[in-house]
There are 2 protein chains.
Amino acid sequence: MNYTPQKLREKLHDAGLSATNQRLALGELIFGRGNRHLSAEQLRKEAAAAHIPVSLATIYNTLRQFSGAGLLREVVVEPGRSYFDTNLSEHHHFFHEDEGRLEDISADRLSINNLPPAPNGTDIRRVDVIIRVAREDAQRDVI
Amino acid sequence: MNYTPQKLREKLHDAGLSATNQRLALGELIFGRGNRHLSAEQLRKEAAAAHIPVSLATIYNTLRQFSGAGLLREVVVEPGRSYFDTNLSEHHHFFHEDEGRLEDISADRLSINNLPPAPNGTDIRRVDVIIRVAREDAQRDVI
DNA sequence: GTACGTGCAAACGTTTTGCAGCGGG
DNA sequence: CCCGCTGCAAAACGTTTGCACGTAC
């Protein structure tokens, strides 16, 4: 957890984002606790628990801005809900379908053999590998 | 395109679904045109264009039932929208971020080197590989 | 005939927006 | 001081649901 409040100000500044009270407070929640997979709703609850006065609109703005600035990585696994991953290193995910929970897979535990080239005129932006798992005794097709 | 209306009745029957007019008509749209990646909204438009009287609720019911029965495969790439893939063979996807379009990658063009074992007590349900691409000149982080 | 499927409209949860006011640089 | 950020409430979006009617078998 290489994080200090000081670093957060730099982080925001380097990303071209001004250091508002909300962004500093939310940034402390987001980045101050190691690698996390946050949904907007989770972050809202944590902010409330930490007595940070912040509106839901600002939660969404902040998550989107942080993602756009490369401070977070958005992961889409379920229709109708986004997760934001603080782990920016190359890695992949288990998704526990029955819990709605993500789990990191470090890049050295999984590699892709022969990545096909991007279609003409396009660049590869990201490669997401999602291994969907569920309890052994659960029904299939649970999503 | 190995498809005939006759086969569709069998398909539905084998899946334990009764052959209603709506399911037959939608099935013809879904399966009668080769491999496709359909959203609910697209299917609704095509049904309207084909003068199939069907409500939006039935579109969603049908897509969900077909998926549950293993006739379709749901692919989640964007928050707030599901795609349904008629290609049931093992394969992966390019996702064109700026067009919101999926493109198949056949399994033999990409393979995973060393799949990690599922976490204790869980089974792997599916492995999704999504290669996100965008026009070369487009902004990064477009989603 | 009966259980299951359908249509409609209203509800749902998540995310986005419009606009007035506040605060960072 | 000014531009950008924030809060609020309301709207938008895709999707789901409850219930009365219709249809497959």
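Since this is a predicted model, take the numbers as computed values, not measurements. Letters A, B, ... mirror the listed sequences (proteins, then strands); counts begin at 1.
- Checking side-chain atoms of His91(B) against main-chain N and O of Ser89(B) turns up a donor-acceptor pair under 3.5 Å.
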Derivation and outcome, side chain to side chain donor-acceptor pair (under 3.5 Å), residues His93(B) and Asp85(B): CA-CA 10 Å; His93(B) 292 105; Asp85(B) 191 346; 2.7 Å; yes
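- Summarising the geometry, the separation between CG on Asn61(B) and C1' on dC8(C) is reported as 13 Å, rounded to the nearest angstrom.
- Spacing between atom CZ of Arg81(A) and atom P of dT16(C) amounts to 14 Å, rounded to whole angstrom units.
- Of the residues in residues 39-56 of chain B, those placing a heavy atom less than 4.0 Å from an atom of DNA chain D are Ala40(B), Leu56(B), in numerical order.
- Salt bridge present: Arg135(A) and Asp98(A) bring a charged side-chain N and a carboxylate O closer than 4.0 Å.
- In this structure, Phe31(B) and Phe66(B) have parallel ring planes: the angle between them is below the 30° cut-off, well short of the 60° mark.
- Each of Gln65(A) and Tyr83(B) was matched to the nucleotide of DNA chain D holding its nearest heavy atom; the match closer to the 5' end belongs to Gln65(A).
- For the OP1/OP2 pair of dT15(C) and a distance below 4.0 Å, the side-chain nitrogens and oxygens of Tyr60(A) include at least one atom meeting the criterion.
- Look at Lys7(A) and Glu10(A) and you find no salt bridge, because none of the NZ, NE, NH1 or NH2 atoms lies under 4.0 Å from a carboxylate O.
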Intermediate values then yes/no, side chain to side chain donor-acceptor pair (under 3.5 Å), His37(A) and Asn87(A): CA-CA 8 Å; His37(A) 305 100; Asn87(A) 183 351; over 6 Å; no
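- More than 12 heavy atoms of other residues, nucleotides or ligands sit less than 6.0 Å from atom CD of Glu99(A).
- Annotation: side chain to side chain donor-acceptor pair (under 3.5 Å) contacts of Asp14(B) (sequence neighbours excluded): none.
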Audit row: Asp104(B), His92(B), side chain to side chain donor-acceptor pair (under 3.5 Å) steps and yes/no: CA-CA 6 Å; Asp104(B) 282 356; His92(B) 303 292; over 6 Å; no
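- You'll find the side chain of Ile59(B) reaches within 4.5 Å of the side chain of Leu26(B), heavy atoms only.
- In this view, Ser39(B) and Gln42(B) satisfy the side chain to side chain donor-acceptor pair (under 3.5 Å) rule, not counting sequence neighbours.
- Atom pair Leu63(B):CG and dG5(C):P shows a separation of 15 Å (rounding to whole Å applied).
- Classification of Arg36(A) and Glu46(A) as a salt-bridged pair holds, one side-chain N sitting under 4.0 Å from a carboxylate O.
- The outermost nucleotides of DNA chain D lying under 4.0 Å from heavy atoms of chain A, listed 5' to 3', are dC5(D) to dC8(D).
- For the pair His13(A) NE2 and dG25(C) P, the interatomic distance rounds to 9 Å; values are reported in whole Å.
- Stem regions for DNA chain D, each three or more consecutive Watson-Crick or G-U pairs with both distances under 3.5 Å and listed by first number, read C:1-25 with D:1-25.
- Other residues, nucleotides and ligands contribute more than 12 heavy atoms inside 6.0 Å of the CZ atom of Arg109(A).
- For Arg9(B), the CZ atom is loosely surrounded, since the number of other residues' heavy atoms within 6.0 Å does not exceed 12.
- Closest-nucleotide positions on DNA chain D for Leu17(B) and Phe84(B) were compared, and the one nearer the 5' end corresponds to Phe84(B).
- Taking atom CD1 on Ile59(A) and atom P on dT17(C), their separation rounds to 18 Å, with Å as the unit.
- The stretch residues 20-29 of chain A touches DNA chain D through Thr20(A), Gln22(A), Arg23(A), each having a heavy atom under 4.0 angstrom from the strand.
- Side-chain nitrogen and oxygen atoms of Thr58(B) include at least one within less than 4.0 Å of the OP1 or OP2 phosphate oxygen of dG7(C).
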